[in-house]
There are 2 protein chains.
Amino acid sequence: MEENDRYSLRGRVFSKLREDIITGRYEQGEELKESALGEEYGVSRTPVREALRQLELEGLIRMVPNKGAYVDGISAKDVLDIYEIRSRLEGLCARWATEHITHEQMERMEEAVYMSEFHYRRSHFDKMAEIDSEFHEIMYEASGSKKLQHVLSDFHQYVYSVRKMSVQVHTRGKTSIEEHRQIAQAIKNKDAQLAEQLSNKHILNAMQNALDNGLREMLQKQKKG
Amino acid sequence: MEENDRYSLRGRVFSKLREDIITGRYEQGEELKESALGEEYGVSRTPVREALRQLELEGLIRMVPNKGAYVDGISAKDVLDIYEIRSRLEGLCARWATEHITHEQMERMEEAVYMSEFHYRRSHFDKMAEIDSEFHEIMYEASGSKKLQHVLSDFHQYVYSVRKMSVQVHTRGKTSIEEHRQIAQAIKNKDAQLAEQLSNKHILNAMQNALDNGLREMLQKQKKG
DNA sequence: TTATGTATTATTGTATACAATTATTCTTGT
DNA sequence: ACAAGAATAATTGTATACAATAATACATAA
């Protein structure tokens, strides 16, 4: 999908809107008007509407019939919930990946670990977050389960902004890479049990780090507001 | 969403198409032409396209740019994967529901148990399946987690056809109701631990029943094809 | 002044028109 | 007969036009 999206107006609008919502560039509840968006992107309402309908299905906006579309992005609680959900699913994914991974996928996974260390040493945080994503996406793909891949991929993207923040915490960046390395090794050794255990723990650690570096405060603030 | 959908052409097309794909009324890989669908439903291409874009995002169809839309429904393996995924999430959901359920939701849940027994005794299998859905949907809603509700609700719908089949197996129908009753009781008693444990087991039992009543054969058949 | 009903405007929902791309058919030359 | 290429048709992608609904502004009466 990602790639197809670049070659159609609808795809471009969808990707940009999605990113802007996930990264919080819109206010919660903000109204999205089709004409305005169309003008902004230099397209007609048709592709805008198709993009909006997709975002509605995904739950990133809420559409009221004959009224309008309202931003309904990722709250701090959503992020926490997603970490909890992922902590139950990433282990399953690692198990299945161990059973189904191809040689080519294994190589890509190991390269991702290698490259993240490379960028870590140079403090390229954006690049690191990107490769961190890649590691997980490869594992999702390797699971051989279309449905598991779909849900984990979505959730992983939803916490992108938080992850990018967390990875900049120096010690977490290093620890995360080390955890990835161990997971990759377990998968390579065909030790499904260990891969599952490590993956679940990996997510719980990431959640703990997010809580300790801003997420907890965000939760408090949103609970009041 | 469900209700809004009834009042717009796009919504009606979406719901009907979705149901037809989930229940397997289309061939795998079958091409869906916008004009043909429009004629079938007596509408123009516009609402059809919006519906197709939503189904694409959901992964129920695959769209090739400038070519067409192809059915990519729920395979037997998808169903099995979904049971595995749900077995890891329903427990979490039951735990959260125990913590967040309202009095009104609890009453609806108990009524669902009661009603399913009523219809069970009268062998109203369709009605039973419907109320079985209701039980789970109430729990998803009661979890208080928008994201968990979303994913579990989708997955639950995906296995609808299988569930309807399974529930007709006399002994499973009775067992399932009993399990629901115990889960509801645990939630009411605020015993999150027990609710979680029972819910996870409930899904595993449902999976086992599905395997023993047709799913295993479907898996074999699809593996060859 | 304020409530109420009406006209106006703005916005979404749908249909249609046109452009771009892909598939198909029909030549045509060997 | 068959391959290559052009012409034609079919299909999707996008823009625009029109219809239906909701929001707003305004006038009028109590």
Side-chain angles (χ1 to χ4, degrees), chain A residues 1-21 25-73, chain B residues 1-21 25-73:
Chain A
M1 172 105 101
E2 298 285 330
E3 289 308 314
N4 289 338
D5 283 358
R6 306 216 115 72
Y7 300 109
S8 72
L9 301 186
R10 173 206 56 87
R12 287 214 294 276
V13 173
F14 173 74
S15 295
K16 187 62 168 58
L17 261 178
R18 187 172 193 271
E19 190 185 326
D20 284 350
I21 293 172
R25 279 198 273 275
Y26 285 107
E27 290 290 327
Q28 196 74 3
E30 187 171 343
E31 186 166 1
L32 298 175
K33 285 175 191 161
E34 297 172 359
S35 316
L37 289 172
E39 259 183 62
E40 192 178 331
Y41 292 109
V43 301
S44 79
R45 282 175 55 213
T46 306
V48 172
R49 275 183 68 88
E50 291 182 9
L52 287 178
R53 286 300 175 192
Q54 295 189 301
L55 293 168
E56 179 197 21
L57 195 81
E58 208 176 347
L60 291 176
I61 67 175
R62 190 171 44 85
M63 297 196 80
V64 182
N66 288 310
K67 278 202 62 181
Y70 305 88
V71 174
D72 191 12
Chain B
M1 172 104 100
E2 298 286 331
E3 288 308 315
N4 288 339
D5 283 0
R6 306 216 115 74
Y7 301 109
S8 72
L9 300 186
R10 174 208 53 90
R12 288 214 294 273
V13 174
F14 173 74
S15 296
K16 187 62 168 59
L17 263 177
R18 188 173 192 271
E19 190 184 328
D20 284 351
I21 293 172
R25 279 198 274 272
Y26 285 106
E27 289 290 323
Q28 196 73 1
E30 186 170 343
E31 187 168 2
L32 298 175
K33 287 175 191 161
E34 298 172 359
S35 316
L37 290 172
E39 260 184 62
E40 193 178 330
Y41 294 110
V43 301
S44 80
R45 281 175 56 215
T46 306
V48 172
R49 275 184 68 86
E50 291 181 10
L52 287 178
R53 286 300 174 194
Q54 295 190 301
L55 293 168
E56 179 198 20
L57 194 83
E58 206 175 347
L60 291 177
I61 67 175
R62 192 170 43 85
M63 297 197 80
V64 182
N66 287 310
K67 280 202 62 182
Y70 305 90
V71 173
D72 191 13

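Lettering of chains follows the sequences in order, A, B, ..., and the numbering in each one begins at 1.
Between A/Glu56 and A/Arg53 a salt bridge is recorded (basic side-chain N to carboxylate O distance below 4.0 Å).
DNA chain D lies under 4.0 Å from at least one heavy atom of each of the following residues of residues 28-35 of chain B: B/Leu32, B/Lys33, B/Glu34.
For the pair A/Arg18/A/Gln54, no side-chain contact is recorded, criterion being any heavy-atom separation below 4.5 Å from C-beta on. Using a 4.5 Å heavy-atom threshold, the side chains of B/Leu17 and B/Leu55 count as touching.
With rounding to the nearest 0.5 angstrom, the OH atom of A/Tyr70 is 11.0 Å from the CD1 atom of A/Ile61. With rounding to the nearest 0.5 Å, the separation of CZ in B/Arg49 from CZ in A/Arg10 is 8.0 Å. Atoms CZ and NZ, on B/Arg25 and B/Lys16 in that order, are 5.0 Å from each other to the nearest 0.5 Å. The line from CG of B/Asp20 to CG of B/Leu32 is 10.0 Å long, rounded to the nearest 0.5 Å.
No more than 12 heavy atoms of other residues, nucleotides or ligands lie within 6.0 Å of CD in A/Glu39, so this atom counts as exposed by the packing criterion.
Nearer to the 5' terminus of DNA chain D, by closest-nucleotide assignment, is the contact made by B/Asn66 (compared with the other of B/Asn66 and A/Arg45).
Running 5' to 3' along DNA chain C, contacts with non-hydrogen atoms of chain B at under 4.0 Å begin and end at C/dT14 to C/dA23.
Within the structure, every side-chain polar atom (N or O) of B/Lys67 is placed at least 4.0 Å from both OP1 and OP2 of D/dT11.
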